[in-house]
J.: 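Have a look at the structure that comes next, please.
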Amino acid sequence: MTTATHDRPAASEDTASPLRATVRRTGARSAVLFLVATASTGLSLALPLFLGRALDLLLARPDGTGAMRWVLWCAGLVLLLAVLDAVETVLGAATTARATAWLRYRLTRHLLAVGPRAGERFGSGELVTRLVGNAAQAGTAPAALAALLAALAGPVGAVVALGLLDPWLAAVFLAGAPVLFLLLRAFTQDSSRCAADYQNAQGRIASGLAEAIGGARTIAACGTADREVARVLRPLPELAAAGRRMWHVQGRAAARAVALAPLLQLGVVAVAGVLLVRDRLTVGEMLAASRYAVLAAGVGVLVGQLSGLVRARASARRLGELLAEPAPAYGGRRLPPGQGRLELRGVTARRGGRTLLDRVDLVVPGGGTLAVVGRSGAGKSLLAALAGRLADPDDGTVLLDGVPLPELTHDELRRAIGCAFERPALLGDTVADTIGFGVRTASPGRIEAGAAAARADTFVRRLPDGYATPCRTAPLSGGERQRLGLARALARDSRLLVLDDALSSLDTVTEHQVTEALLRHSPGSTRVLVAHRVSTAARADAVAWLDGGRVRAVGTHAELWRERGYREVFADAGG
């Protein structure tokens with residue numbers, strides 16, 4: 001069997017892989033940025049030497065003979081540094097924007113390939129936070145890394161320059177270098193923990209806000225807005241504490257640098273003074289040495305660059321958690337001729353450590369209609385998701401016309417199975433786009449036929465622009481939205497239709513009309529309906545009664561109606 005995956009990361013990749021992948025993706029731009037930044041650093045290293053040479057010539061020749069040329073060189077270096085700084089700024093912003101866009105594209109594609117499981121695990125608010133905020137922060141990594149490497153060239157080059165002026169100058173500075181290294185190492189470790197805590201708290205606030213927005217009507221009806229505000233903002237003290245710790249860590253590192261760097265600079269200047277007295281250095285060389293001492297001890301610049309890179313790395317770890325969520329694998333098989341015989345063999349499915357479906361065996365004959373009923377929590381929606389391969393079982397197999405669903409190609413699977421839901425998402429720009437969403441050849445006739453079968457054609461034509469009405473401005477009721485979702489499923493002309501409570505918002509008359517049209521519209525298709533109403537179950541060819549995650553019985557509605565427990569299912573559902 002041939003399998004393929006959609007943007008599935010290798011199991012051996014760690015959570016930092018988005019960082020490495022982003023740097024590789026922007027390799028050319030990052031390399032140019034590094035070269036520009038390094039060139040700027042090189043010019044900064046050359047400037048003290050040129051200034052020192054000009055000063056020596058001015059002291060040696062009061063008339064300025066020969067010094068003017070070096071002064072002009074210094075002016076040229078300053079101008080060139082300004083140009084390189086502007087180029088570095090523009091190139092850094094462009095590199096960051098491109099890296100962020102690529103990260104968001106990769107994440108969006110992967111999350112859509114993973115499917116509903118990503119939202120179930122992380123929550124919509126957390127996903128948005130990572131896709132928007134964390135991706136933007138991780139996107140700064142290539143530019144930050146290039147800037148950091150170029151910034152490291154400054155202290156290293158300054159130490160080399162001190163050694164060229166006199167080895168004692170480099171030796172004095174290197175005596176304190178281990179302390180600088182330990183300072184930067186401690187700063188990096190502490191900042192990593194603070195950044196991770198800060199971003200986790202941000203994610204929890206975003207998740208709570210998304211939940212509150214989704215339940216805004218319930219909150220308003222219950223008058224619990226103040227309590228919900230408190231719930232959403234409960235992680236705020238933790239967020240504030242993490243933010244304060246970040247500033248404290250950065251401030252502590254800067255304070256230590258401020259205390260240490262001047263001591264190293266004074267040590268270098270003191271030795272340079274001694275060497276000047278002994279005629280081993282000129283006045284200009286002493287000036288250059290003092291400037292190189294400042295550049296060599298430039299911990300503040302490194303702290304700033306490291307801080308940005310640490311935050312980018314923490315964000316990349318959070319993105320890595322999303323990319324580590326495996327996407328479904330697809331095979332290379334196609335379906336044989338058939339009417340959509342659906343079979344579940346020993347299917348077990350667990351969610352959150354709880355078994356919702358336990359060793360379910362079920363067969364739906366091709367062209368038949370099966371209603372799935374049961375109390376709340378019996379596993380009806382999960383069974384529908386497994387039938388449509390919106391989820392995979394933990395054990396067992398789901399087959400369509402004898403072929404296990406994971407062995408089908410992606411396109412073959414999605415052509416063969418159509419789905420409709422209780423609250424459909426209207427993803428098209430217009431009503432027509434919404435009905436034809438996902439249909440390869442969505443002709444106007446096919447769209448209108450699907451709308452007619454879902455009893456949506458009449459109200460769609462009454463909209464301001466009919467089928468061309470933008471969905472975002474269309475005044476649609478819950479039942480009308482549901483019928484557009486049904487129209488989308490029916491327009492696909494699929495071999496298997498899976499309707500997960502897709503008739504719940506319809507009135508009794510419309511529900512009866514849609515059910516009858518559904519049976520007539522696709523007589524060669526198999527239909528699986530999650531049902532809460534007696535009328536829906538009664539029109540099905542057979543009913544599967546779920547109880548406690550198992551199929552308690554399969555039969556016609558009339559046969560099962562003799563069972564008291566079956567009747568109580570509809571009494572509990574209000575059906």
J.: Nearest 0.5 Å please: distance from the CZ atom of Arg227 over to the SG atom of Cys222.
T.: 8.0 Å
J.: Is a side-chain N or O of Arg550 found less than 3.5 angstrom from the main chain of Asp358, in a donor-acceptor match?
T.: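 Looks like yes, one N/O pair under 3.5 Å.
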J.: Any ion pair linking Glu126 and Arg121 (charged N to carboxylate O, less than 4.0 Å)?
T.: no
J.: Quick one: does any side-chain atom of Thr409 pair with a main-chain N or O of Glu412 as donor and acceptor, under 3.5 Å?
T.: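 Yes; at least one donor-acceptor contact below 3.5 Å.
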J.: Side-chain contact, heavy-atom cut-off 4.5 Å: His557 with Val534?
T.: yes
J.: Look up atom CD in Gln137 and atom OG1 in Thr96, then write down how far apart they are to the nearest 0.5 Å.
T.: 10.0 Å
J.: Side chains of Gln199 and Ser315: donor-acceptor distance under 3.5 Å anywhere?
T.: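 Result is yes, a qualifying pair exists.
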J.: Side chains of Val543 and Val554: does their closest heavy-atom pair fall under 4.5 Å?
T.: no
J.: Answer yes when Arg414 and Asp411 have at least one side-chain N-carboxylate O distance shorter than 4.0 Å, and no when they do not.
T.: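 Here Arg414 does not pair with Asp411 in a salt bridge, since their nearest N and O are not under 4.0 Å apart.
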J.: With a 4.0 Å cut-off, would you call Glu568 and Arg564 a salt bridge?
T.: yes
J.: For the atom pair CG (Leu427) and SG (Cys471), what is the distance rounded to the nearest 0.5 Å?
T.: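 Between atom CG of Leu427 and atom SG of Cys471 there are 9.0 Å.
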J.: Less than 3.5 Å apart, any donor N or O on the side chain of Asp394 or Thr348 sitting next to an acceptor on the other?
T.: no
J.: Apply salt bridge (charged side-chain N to carboxylate O under 4.0 Å, His left out) to residues Asp401 and Arg495 and explain how you reach the verdict.
T.: CA-CA 10 Å; Asp401 282 327; Arg495 190 177 299 202; 2.7 Å; yes
J.: Using the test ring pair (Phe, Tyr, Trp, His ring centres under 6.0 Å), find all partners of Phe437 that sit at least two apart in sequence or belong to another chain.
T.: none
J.: Has Arg98 got more than 12 heavy atoms of other residues, nucleotides or ligands less than 6.0 Å from its CZ?
T.: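 Check fails, neighbour count at 12 or below.
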J.: Could you tell me whether the side chain of Leu107 reaches within less than 4.5 Å of the side chain of Pro18, counting heavy atoms only?
T.: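 Counting from C-beta outward, Pro18 and Leu107 never come under 4.5 Å.
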J.: Between Arg350 and Asp395, is there a salt bridge with N-O shorter than 4.0 Å?
T.: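 Counted as a salt bridge, because a side-chain N and a carboxylate O are separated by less than 4.0 Å.
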J.: Do Asp433 and Thr430 pair up side chain to side chain, a donor and an acceptor below 3.5 Å, judged on atom types alone?
T.: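 Present: a donor and an acceptor within the cut-off.
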J.: Kindly indicate whether a cation-pi arrangement holds for Arg389 with Tyr330, taking the cut-offs as under 6.0 Å to the six-membered ring centre and within 45° of the axis.
T.: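 Yes, cation above the ring, under 6.0 Å and within 45°.
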J.: Rounded to the nearest 0.5 Å, how far apart are CG of Leu344 and CZ of Arg359?
T.: 15.0 Å
J.: Which heavy-atom pair separates Leu486 from Ala420 by the least distance, and what is that distance?
T.: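 Heavy atoms only, the tightest pair is CD2-CB, 4.0 Å.
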J.: Side-chain contact, heavy-atom cut-off 4.5 Å: Val347 with Val398?
T.: yes
J.: Do other residues, nucleotides or ligands put more than 12 heavy atoms under 6.0 Å from the CZ atom of Arg25?
T.: no
J.: Measure from the side-chain N and O atoms of Glu325 to the backbone N and O of Leu322, and report whether any donor-acceptor pair falls under 3.5 Å.
T.: no
J.: Show the numbers, then the answer: is there a side chain to side chain contact (heavy atoms under 4.5 Å, CB included) between Glu228 and Asp226?
T.: CA-CA 5 Å; Glu228 281 302 302; Asp226 292 340; over 6 Å; no
J.: Quick test of your reading of the model: are Arg446 and Glu448 salt-bridged, counting only N-O distances below 4.0 Å?
T.: no
J.: Measure the acute angle between the ring planes of Tyr566 and Phe570, then classify it against the limits of 30° and 60° as parallel, tilted or perpendicular.
T.: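 Tyr566 and Phe570: perpendicular rings.
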J.: Which residues satisfy the side chain to side chain donor-acceptor pair (under 3.5 Å) test with Asp429, sequence neighbours excluded?
T.: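 Partners of Asp429 under the side chain to side chain donor-acceptor pair (under 3.5 Å) test: none.
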J.: Do the side chains of Arg345 and Asp361 get close enough for a salt bridge, i.e. N-O under 4.0 angstrom?
T.: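 Not counted as a salt bridge, because no side-chain N and carboxylate O are separated by less than 4.0 Å.
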J.: Supply the atom-to-atom distance Leu529 CG to Lys380 NZ, rounded to the nearest 0.5 angstrom.
T.: 13.5 Å
J.: Decide yes or no for Arg351 and Leu382: does some side-chain heavy atom of the first lie under 4.5 Å from some side-chain heavy atom of the second?
T.: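 They are in contact (side-chain heavy atoms under 4.5 Å apart), so the answer is yes.
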J.: Please check this pair: side chain of Thr556 against backbone of Glu559, looking for a donor-acceptor N/O pair closer than 3.5 Å.
T.: yes
J.: State whether the number of non-hydrogen atoms from other residues, nucleotides or ligands found under 6.0 Å of Arg231 atom CZ is greater than 12.
T.: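 Yes - once you tally the heavy atoms of other residues, nucleotides and ligands closer than 6.0 Å, there are more than 12.
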J.: Check whether any side-chain N or O of Arg341 sits under 3.5 Å from a backbone N or O of Gly338 as a donor-acceptor pair, and report yes or no.
T.: no
J.: Is there a donor in the side chain of Asn200 and an acceptor in the side chain of Arg318, or the other way round, less than 3.5 Å apart?
T.: yes
J.: Under the side chain to side chain contact (heavy atoms under 4.5 Å, CB included) rule, what do Leu386 and Leu357 come out as? Steps first, then yes or no, please.
T.: CA-CA 10 Å; Leu386 295 174; Leu357 293 175; 3.6 Å; yes
J.: Sub-3.5 Å donor-acceptor pair from the side chain of Arg104 to the main-chain atoms of Val132, do we have one?
T.: yes
J.: Can you tell me if Thr526 uses its side chain to pair, donor with acceptor, with the backbone of Gly367 under 3.5 Å?
T.: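 Yes; at least one donor-acceptor contact below 3.5 Å.
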J.: Keeping the roles fixed (side chain from Thr26, backbone from Thr22), state whether a donor-acceptor pair exists under 3.5 Å.
T.: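 Flag set: sc Thr26 to bb Thr22 pair under 3.5 Å.
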J.: Rounded to the nearest 0.5 Å, what's the gap from CG on Leu370 to CG on Asp541? Could you check?
T.: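 Here the rounded value is 9.0 Å.
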J.: Does Trp561 offer a backbone N or O that forms a donor-acceptor pair with the side chain of Arg567 under 3.5 Å?
T.: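 Yes; at least one donor-acceptor contact below 3.5 Å.
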J.: Check whether any side-chain heavy atom of Leu484 lies under 4.5 Å from a side-chain heavy atom of Leu476, and answer yes or no.
T.: yes
J.: Closer than 3.5 angstrom, by distance alone: can the side chain of Arg483 be matched with the main-chain N or O of Arg455 as a donor-acceptor pair?
T.: yes
